[in-house]
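Position 1 is the first residue of the sequence; numbering continues from there. Keep in mind that this is a model prediction, so the values were computed, not measured.
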Amino acid sequence: MFDIAPTELMVVALVALVVIGPKDLPKAMRFVGHWVGKARGVARQFRSGFDTMVREAELAEMEKKWAEENARIMREHPTTDAPVHPVDAPSPPPPVHDPAPHDEHAAPLMVERPELREGPADQPPAADGKAAS
């Protein structure tokens with residue numbers, strides 16, 4: 001955009017040194033740097049806002065195209081089934097438990113209490129609570 005050759009920059013520096021003087025030149029350079037930084041910040045903010053507006057416009061256009069395409073597909077392939085409400089849908093089967101632990105530091109799994117069955121009437125129960133075989 002602005003094309004400044006190194007020789008032109010040297011001429012500007014020499015004129016600034018002569019006009020401002022070596023004593024006040026660092027203060028003037030700091031002042032100019034401060035305002036150049038502010039100008040860049042404003043330009044960056046403007047650019048960011050502009051990019052955001054463009055991105056939102058493109059997104060709205062894409063959503064419009066997707067809605068049109070979805071409507072076209074729904075017209076071409078109508079469904080005869082009534083939509084299933086999530087409450088009316090059958091529940092998925094419970095996950096199958098793998099008895100072999102994959103992690104040796106995993107917490108132990110809780111199992112149901114074993115079912116106690118009565119043995120034949122002629123055999124008395126053993127001392128440990130199990131029927132003798």
For this session: Apply salt bridge (Lys or Arg N to Asp or Glu O under 4.0 Å) to E56 and list each qualifying residue two or more places apart in sequence or on a separate chain.
Result: none
Exercise. Any side-chain heavy-atom pair from M10 and P6 closer than 4.5 angstrom?
Worked result: no
Seminar exercise, completed: Taken to the nearest 0.5 Å, the spacing of L59 CG from K64 NZ works out to 14.0 Å
Problem set entry | hydrophobic_cluster_shared for I20 and F31, side chain cutoff 4.5 Å | no
Distance-only criterion, 3.5 Å: show the donor-acceptor pairs between side-chain atoms of residues 66-76 and protein atoms not counting sequence neighbours.
from: E69; atom 1: OE1; to: R72; atom 2: NE; distance (Å): 3.3
from: E69; atom 1: OE2; to: R72; atom 2: NE; distance (Å): 3.4
from: E69; atom 1: OE2; to: R72; atom 2: NH2; distance (Å): 2.3
from: R72; atom 1: NH1; to: E76; atom 2: OE1; distance (Å): 3.0
from: R72; atom 1: NH1; to: E76; atom 2: OE2; distance (Å): 2.7

Contacts under 3.5 angstrom, residues 37-49 side chains, donor-acceptor by atom type, not counting sequence neighbours:
none

Problem set entry | CG on L9 to CG on L14, rounded to 0.5 Å | 10.0 Å
